[in-house]
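In each ligand, atom 1 is the first atom listed, and ligand 1 is the first ligand listed. Along the sequence shown, residues are numbered consecutively beginning with 1.
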Amino acid sequence: MDFLEAANEIGFSHIVEFDPKILEARDAVRAMCAEDRCRVYGKNWSCPPNCGTVEECQAKMSSYNKGILLQTTGNLKSVIDVLGYKNVGDKHNELVYKLFDNLKSQGAEFLLLGAGGCRRCKKCAYPEPCRMPGKSVSSMEGYGLLVSQVCKDAGAEYTYGDKTITYSACLLYNE
Ligand code: SF4
């Protein structure tokens, strides 16, 4: 399985390989999740606290030896453009799920972390069972990652200029 080639075929704006050793699950990021600004804390199977403890997330990430940072960048109409944020975020999720499904259909083993928790369903089934077991996608933040630091440590930009927005994801696998 050529994960880099699979990622390149999807259409992300930027792709950077990195060593998963840079990934650090932080209590401080989980504490930000607990503030529930996104209003899905404890209401989505893929988000904290349901996605596992900080230690469990760290252990999962540490079990992989290859990483690819995947970013979707889009233009905004103005510096603050709520609709623009949403449109680019939706596009990013679409690409992340496409990559996930392509890899799964080939029987690949991997961990893919997106942005903002699983949005495969309009409203997560939680606390009822997940509607798509095995296809839920947690977020980098949910795993305690400080996305700006991951980008920096991976040698990527976190933002790509004024009037743009960038969403990040990471693909972890073993080679
Ligand atoms: S697939 Fe649907 S039910 Fe399952 S975690 Fe994602 S949003 Fe929730």
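The residues K43 and D36 are annotated as salt-bridged, a charged nitrogen and a carboxylate oxygen being separated by less than 4.0 angstrom.
Under a 4.0 Å heavy-atom criterion, R131 is in contact with ligand 1.
Side chain of S46 to backbone of S138: no donor-acceptor contact under 3.5 angstrom is found. Of the possible polar contacts, none joining the Y126 side chain to the V40 backbone as a donor-acceptor pair under 3.5 Å is found.
Atoms of ligand 1 lying under 4.0 Å from at least one heavy atom of S136, given by number and element, are 5 (S). Near A125, meaning under 4.0 Å from one of its heavy atoms, ligand 1 places the atoms 3 (S), 8 (Fe). Residue W45 approaches ligand 1 through these ligand atoms, each under 4.0 Å from one of its heavy atoms: 5 (S).
Atom 1 (S) of ligand 1 has its nearest heavy-atom neighbour, among C130, C124, C47, P133, in C130.
Of the inter-residue distances, the one linking I10 atom CD1 with N102 atom CG reads 4.5 Å to the nearest 0.5 angstrom. If you take SG on C124 and CZ on R131, they are separated by 7.0 Å, rounding to the nearest 0.5 Å.
Looking only at protein heavy atoms, the nearest one to atom 6 (Fe) of ligand 1 is C118 SG, 2.4 Å. Ranking protein heavy atoms by distance to atom 2 (Fe) of ligand 1, first place goes to C121 SG, 2.3 Å.
Between L70 and L99 there is a side-chain heavy-atom pair separated by less than 4.5 Å.
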